[in-house]
There are 2 protein chains.
Amino acid sequence: MLSSPEYIEKLRKSGLRPTRQRIKICEVLFDTDKTFHFTISDLAQMIENKANVKISLATIYNTIHSFEKKGYLKEIAVNSSQTYFDTNTTHHHHFYDEGNKELFDINNSEIDRIKINKDIPGKKIKSVEVLVKVENK
Amino acid sequence: MLSSPEYIEKLRKSGLRPTRQRIKICEVLFDTDKTFHFTISDLAQMIENKANVKISLATIYNTIHSFEKKGYLKEIAVNSSQTYFDTNTTHHHHFYDEGNKELFDINNSEIDRIKINKDIPGKKIKSVEVLVKVENK
DNA sequence: TATCTACTTTATAAGTATTCTAAAGTAGTA
DNA sequence: TACTACTTTAGAATACTTATAAAGTAGATA
Ligand SMILES: [Mn+2]
Ligand SMILES: [Mn+2]
Ligand SMILES: [Zn+2]
Ligand SMILES: [Zn+2]
């Protein structure tokens, strides 16, 4: 939960110019204690609701990708036609409800360590993600 | 590894008419001991190579979706712009190489049972999938 | 075998998410 | 203030997938 001057600082430190658009996106994404999951169109909607600023889709895409590159966001592998992002950048896993397309965190402490007894010659592990699909009882 | 008459039987039993197109797709997908992963465009390419028949993209999509519905194929959640399918319908997990976009199986025996100490009220687990992203060493 | 009907295939259009383009705007610097 | 590199933007382009509706076919029936 940072204020605008702090986002400006954060952006500058990342080598990103603190534009009106980037600051607004920071506010929408990080002005809360809770982390959350979103798609680009979710985010566009959120920005529209918080109103006052109008940001083009191209800029939203650009910004989200640069934030992801800087490590401020994570992309989540949900099989879907849309890409999901997560403001929770810690190592964790997900429940996914295909019905309402909602994601829920499974923290590292809520899942047993995954041990894989196989490796691929010449390759090393970059990440391990568990996706638990759920449905209504 | 079945012959055409057997695919015809299998299709009929599934309530799918054994058309020239569906039989050819069965041959391409199931005429091998090994299971494999593919995208729709991979499959279209394979069909073109095995030649003799020309199958429209719409039919390939339709057929793959009906095979999936019948349980002859599984869709794999790889974050990507393309949908991956798997002729291995047993419960297993995957390595994914983002570089060359290749999937490799991790059999159930090669991974420790995943125990999740969390549940979502009103929801039940439908599937648990582990995706291990790998890169060149 | 000829006929009928529901199912299937097909070309092509439509839909949708994402990226590209290149022109106009802006931040930081001198 | 002027300059330059970076950024934003509208709109075009791309790519995957689904929808449409007309033509074709499988299986059943007479
Ligand atoms: Mn990305
Ligand atoms: Mn599907
Ligand atoms: Zn999360
Ligand atoms: Zn597999």
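Just so it is clear, the model here is predicted, and its values are computed rather than measured. Just so we're on the same page: letters track the sequence lines, and every chain starts at 1.
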Starting at atom [atom1] of [X], determine the distance to atom [atom2] of [N], rounded to an integer number of angstrom.
| X | N | atom1 | atom2 | answer |
| --- | --- | --- | --- | --- |
| B/Glu9 | D/dG27 | CD | P | 11 Å |
| B/Ile55 | C/dT8 | CD1 | C1' | 12 Å |
| A/Leu11 | D/dC6 | CG | P | 16 Å |
| A/Lys24 | D/dT7 | NZ | C1' | 19 Å |
| B/Asn62 | D/dT20 | CG | C1' | 12 Å |
| B/Gln82 | D/dA15 | CD | C1' | 9 Å |
| B/Asp42 | D/dC16 | CG | P | 11 Å |
| A/Ile60 | D/dT9 | CD1 | P | 9 Å |

Chi angles and distances behind the side-chain contact (heavy atoms from CB on, under 4.5 Å) call for B/Ile116, A/Ile106: CA-CA 8 Å; B/Ile116 297 150; A/Ile106 303 173; 4.3 Å; yes

If you compare every side-chain N and O of [X] against the phosphate oxygens of [N] (OP1, OP2), does one of them come in below 4.0 Å?
| X | N | result |
| --- | --- | --- |
| A/Arg17 | D/dT8 | no |
| A/His65 | C/dT19 | yes |
| B/Gln21 | D/dT25 | no |
| A/Arg20 | D/dT7 | no |
| B/Tyr61 | D/dT18 | no |

B/Ala58 vs A/Leu57, nearer the 5' end of DNA chain D by closest nucleotide: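 Its nearest nucleotide being more 5', the pick is A/Leu57.
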
Position toward the 5' end of DNA chain D (nearest nucleotide), B/Ser81 or A/Arg22: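 Its nearest nucleotide lies further toward 5', so the answer is A/Arg22.
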
Side-chain H-bond candidate by donor/acceptor type, B/His91 with B/Asn108, under 3.5 Å: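 The answer is yes; a qualifying pair exists.
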
Side-chain donor-acceptor contact under 3.5 Å, B/Lys74 with B/Asn88: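 No, no side-chain donor-acceptor contact under 3.5 Å.
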
B/Tyr96 six-ring face occupied by A/Lys126 cation (under 6.0 Å, within 45°):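 No.
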
Touch class at under 4.0 angstrom, heavy-atom based, for A/Thr19 against every strand present: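 Sugar-phosphate: the residue A/Thr19, judged by heavy atoms under 4.0 Å, touches backbone atoms but no base.
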
Sugar-phosphate only, base, or nothing, as touched by A/Thr83 at under 4.0 Å among non-hydrogen atoms: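 The answer is sugar-phosphate, as A/Thr83 gets under 4.0 Å only of primed atoms, P, OP1 or OP2.
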
A/Arg22 side-chain N/O to A/Arg17 backbone N/O, donor-acceptor pair under 3.5 Å: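 Side chain of A/Arg22 to backbone of A/Arg17, a donor-acceptor pair under 3.5 Å: yes, one is there.
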
A/Lys54 side-chain proximity, nearest of D/dA10, D/dG27, C/dT10: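 Within the option list, the nearest is D/dA10.
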
